[in-house]
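Right, one structure below, let's go through it.
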Amino acid sequence: MVDGATNKRSRDGESGKEEEGITEKPFIKVAAICGSLRKASYNRGLIRAAIELTKEQIEGVHVEYIEISALPMLNTDLEVDGTYPPEVEAFRRKVLEADSCLFASPDYNYSITPPLKNALDWGSRPPNVWAGKAAAAVSAVGGGRRAQFHLRQIGVYLDLHFINKPEFYLNAHRPLGKFNSNGDLVDLETKEKLKEMILSLQAFTLRLQGKG
């Protein structure tokens, strides 16, 4: 009798929500990857800020930072019977489970950093774990425009789909004070711009998945 009453209340509750047109917003998981290995990196600070924003101000988005420093340099001799080294397998699994990707990278000689390129290459080994995912890029220095342009070119072959707007390039040094000594983003105006970019990535991800 109790079970029946409980089930009835549950059905009535569900029915009421349907009648009111209340639906939960789809949830997306974002894999965040930083091209800089430096602990106090401003680019890593942007990812920490993105994680904080999604916890406090943006519903329906979970950003997970994925460490790439332990990945060995790409070497197909390390591939055995279709499997990869444990660090690579763990990395690929996390990317595969994500709905979209957030890249943060400085400019190294007019391109992305070697660690980031290495991560992209490992993820592209068959089966390509990047394919079909939405993506966004942020940079904490002005030269990041060149790095992002190259990243977008690479993304074409990897079948990554980058949002076009808003673009996010930050000059961390002009004026000073956007980050603290630990590399944490503290500038409120910059945080707001980062929030706009995350919301754009969320909307684009849902559209690609046919949920937007």
Side-chain angles (χ1 to χ4, degrees), residues 29-58 61-74 87-88 90-92 94-95 98 100-123 130 133-155 158 160 162-163 166-201:
K29 187 174 181 179
V30 181
I33 300 170
C34 182
S36 175
L37 304 184
R38 189 171 66 89
K39 289 183 179 180
S41 162
Y42 293 151
N43 285 282
R44 189 174 294 202
L46 290 177
I47 289 179
R48 288 196 298 272
I51 293 173
E52 179 183 328
L53 285 168
T54 55
K55 287 181 178 180
E56 298 178 357
Q57 300 183 33
I58 303 175
V61 181
H62 172 71
V63 178
E64 180 183 4
Y65 174 65
I66 302 179
E67 181 63 66
I68 62 174
S69 62
L71 295 177
M73 289 300 294
L74 181 69
E87 301 89 347
V88 175
F91 168 75
R92 287 169 54 85
K94 287 185 177 181
V95 174
S100 55
C101 300
L102 172 62
F103 298 98
S105 180
D107 176 307
Y108 278 24
N109 300 318
Y110 281 28
S111 184
I112 59 176
T113 67
L116 179 53
K117 182 60 165 64
N118 187 52
L120 290 167
D121 290 342
W122 272 123
W130 307 109
K133 297 185 186 299
V138 296
S139 298
V141 292
R145 289 179 173 85
R146 296 183 293 259
Q148 287 193 28
F149 180 70
H150 194 189
L151 179 59
R152 287 171 179 271
Q153 288 181 311
I154 297 169
L158 299 182
L160 276 168
F162 282 86
I163 61 172
E167 296 177 303
F168 191 99
Y169 310 109
L170 177 67
N171 193 327
H173 306 289
R174 296 182 183 175
L176 294 172
K178 295 185 178 73
F179 295 83
N180 62 22
S181 59
N182 295 320
D184 298 317
L185 181 64
V186 295
D187 182 68
L188 295 180
E189 183 179 349
T190 302
K191 283 187 177 183
E192 191 61 31
K193 291 179 180 178
L194 183 60
K195 179 181 177 180
E196 291 175 6
M197 194 218 63
I198 296 171
L199 288 171
S200 178
L201 176 61

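Atom CD1 in I47 sits 8.0 Å away from atom CD1 in I33 (nearest 0.5 Å). Taking CG of L116 as the reference point, atom CG of L71 lies at 10.5 Å (rounded to 0.5 Å). R146 CZ to Y169 OH: the interatomic distance, rounded to the nearest 0.5 Å, is 11.0 Å. For the atom pair OG (S105) and NZ (K117), the distance works out to 12.5 Å, reported to the nearest 0.5 Å. The distance from the CD atom of E64 to the OG1 atom of T54 is 11.5 Å, given to the nearest 0.5 Å. To the nearest 0.5 Å, atom NZ of residue K178 and atom OH of residue Y42 are 10.0 Å apart.
Between S200 and P166, the closest heavy-atom pair is CB-CD, 3.7 Å. Shown here for R152 and I163, the closest heavy-atom pair between the two residues is NH2-O, 2.8 Å. Considering all non-hydrogen atoms of both residues, S139 and N43 come closest at CA-OD1, 3.4 Å. Of all heavy-atom pairs spanning L185 and L46, the tightest one is CD2-CD2, 4.1 Å. The nearest pair of heavy atoms linking G155 to F162 is CA-CE1, 4.2 Å. Across all their heavy atoms, S111 and A147 have their closest contact at O-CB, 3.5 Å.
Taking the six-membered ring for Trp and thresholds of 30 and 60 degrees, F91 and W130 have ring planes more than 60 degrees apart, a perpendicular arrangement.
Between K195 and Q57 the shortest side-chain heavy-atom distance falls below 4.5 Å. At least one side-chain heavy atom of I154 sits less than 4.5 Å from a side-chain heavy atom of I112. Counting heavy atoms from C-beta outward, L120 and L151 have side chains that approach closer than 4.5 Å. Residues L102 and V138 meet the side-chain proximity criterion, which asks for heavy atoms closer than 4.5 Å.
Partners of S100 under the side chain to side chain contact (heavy atoms under 4.5 Å, CB included) rule, at least two apart in sequence or in another chain, are I28, V30, A134, L201, T205. Looking at residues two or more places apart in sequence or on another chain, you find no ring pair (Phe, Tyr, Trp, His ring centres under 6.0 Å) involving Y108. Remark: K193 engages F168, E189 in a side chain to side chain contact (heavy atoms under 4.5 Å, CB included) (not counting sequence neighbours).
N118 places a side-chain N or O within 3.5 Å of a backbone atom of L74 that can act as its donor or acceptor partner.
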List the steps and the verdict of side chain to side chain contact (heavy atoms under 4.5 Å, CB included) for T190 and L194. CA-CA 6 Å; T190 302; L194 183 60; 5.6 Å; no

Could you walk me through whether K133 and V95 pass the side chain to side chain contact (heavy atoms under 4.5 Å, CB included) test, one step at a time? CA-CA 10 Å; K133 297 185 186 299; V95 174; 4.2 Å; yes

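For the residue pair Y65 and R44, a side-chain donor N or O sits within less than 3.5 Å of a side-chain acceptor on the partner.
The pair E52-K191 meets the salt-bridge criterion, since a charged nitrogen lies less than 4.0 angstrom from a carboxylate oxygen.
Residue-environment remark: NZ (K55) stays at or below the threshold of 12 foreign heavy atoms within 6.0 Å. In this structure, N182 places its CG atom where more than 12 heavy-atom neighbours from other residues, nucleotides or ligands lie under 6.0 Å away.
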